[in-house]
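Reckoned from all heavy atoms, side chains included, excluding hydrogens, waters and symmetry mates. One-based numbering, in listed order, for ligands and for the atoms of each. In this text, all values refer to a predicted model and were calculated from it rather than measured experimentally.
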Amino acid sequence: MSNPCLKCPTEQSCCRELHGLKVNEAEYTKHFKGKSEHLSISQKGKLYEISSLGNGPCPNWDQQCQVYGNRPMDCDLYPYTIGNVFADKGEVYATFHSRTECPLTAQLLGPREKAAELIRNFLVETYGEQMKITVRYDEGAARVYHLARRAASKAKRLLSGSAT
Ligand code: SF4
Ligand code: SF4
């Protein structure tokens with residue numbers, strides 16, 4: 001099967017403008033440690049959140065992903081993405097959504113159950129099997145995002161109409 005990302009209308013901007021990728025310690029060590037010169041990295045508990053500085057590319061990008069077969073879970077998940085993750089007193093609660101900028105979202109989005117399973121396995125690996133793990137799709141955030149995008153496109157259309 002051909003890879004639809006090779007015909008990405010944004011020229012694979014999800015890798016060339018890295019923004020808010022969530023990785024665990026093992027993924028951070030394997031793919032980002034020692035390559036942090038042009039990255040903004042924040043650590044929240046057991047997760048790292050990684051963005052490129054000044055809209056630069058992911059350090060693993062060179063014409064294409066150089067670690068694709070072993071890429072971080074959050075990359076594999078895209079165009080779903082992890083939202084909030086709370087870990088406290090033996091429980092981990094995580095949300096995910098699909099309010100991403102991927103122009104092929106409708107084509108690429110797989111079943112939610114599969115995405116939730118991928119996240120669950122990632123959280124077990126990150127926090128340990130003893131934790132109770134809950135993963136939920138965030139309908140509200142997804143709806144707000146799509147309404148905001150619709151409003152933005154409408155405003156753009158109105159503005160371009162008034163400019164003529
Ligand atoms: S996931 Fe979406 S934005 Fe990223 S390369 Fe593929 S089509 Fe483009
Ligand atoms: S690790 Fe690979 S798939 Fe993930 S953002 Fe970087 S280049 Fe893209």
Taking Phe122 as the fixed residue, which of Leu47, Asp76, Val23 is the one that meets the side chain to side chain contact (heavy atoms under 4.5 Å, CB included) rule?
Leu47

Give the residue and atom name of whichever protein heavy atom lies nearest to atom 4 (Fe) of ligand 2, and the separation in Å to one decimal.
Cys75 SG, 2.3 Å

Ring-plane angle category for Tyr48 and Tyr28, please: parallel below 30°, perpendicular beyond 60°, tilted otherwise.
parallel

Please could you name the atoms of ligand 2 that Pro72 approaches to less than 4.0 Å, counting only its heavy atoms?
1 (S)

Measure the distance from atom 6 (Fe) of ligand 2 to every protein heavy atom, then report the residue, atom name and distance (to 0.1 Å) of the closest one.
Cys58 SG, 2.3 Å

Test your reading of the model: is there a side-chain donor-acceptor pair from Ser52 to the backbone of Pro57, 3.5 Å cut-off?
no

Looking at Pro103, which atoms of ligand 1 are within less than 4.0 Å of one of its heavy atoms?
3 (S)

Phe32 and Cys58, any side-chain heavy atoms less than 4.5 Å apart
yes

Identity and separation of the nearest protein heavy atom to atom 5 (S) of ligand 2
Leu18 CD1, 3.6 Å

In terms of residue, atom name and distance, what is the protein heavy atom nearest to atom 2 (Fe) of ligand 2?
Cys65 SG, 2.3 Å

Atoms of the protein (N/O/S only) found under 2.8 Å from atom 4 (Fe) of ligand 1:
Cys14 SG

Classify the ring geometry between Tyr137 and Phe96 as parallel (under 30°), tilted (30 to 60°) or perpendicular (over 60°).
perpendicular

Looking at ligand 2, would Asn60 count as a contact under a 4.0 Å heavy-atom criterion?
yes

Please confirm whether the backbone N or O of Gly83 pairs with a side-chain atom of Lys22, one donor and one acceptor, at under 3.5 Å?
yes

Is there side-chain contact between Met131 and Val124, with at least one heavy-atom pair below 4.5 Å?
no

Taking every heavy atom of Thr126 against every heavy atom of Lys46, the minimum-distance pair comes out as O-CD, 3.4 Å

Straight-line distance of Asn24 CG to Leu123 CG, nearest 0.5 Å:
9.0 Å

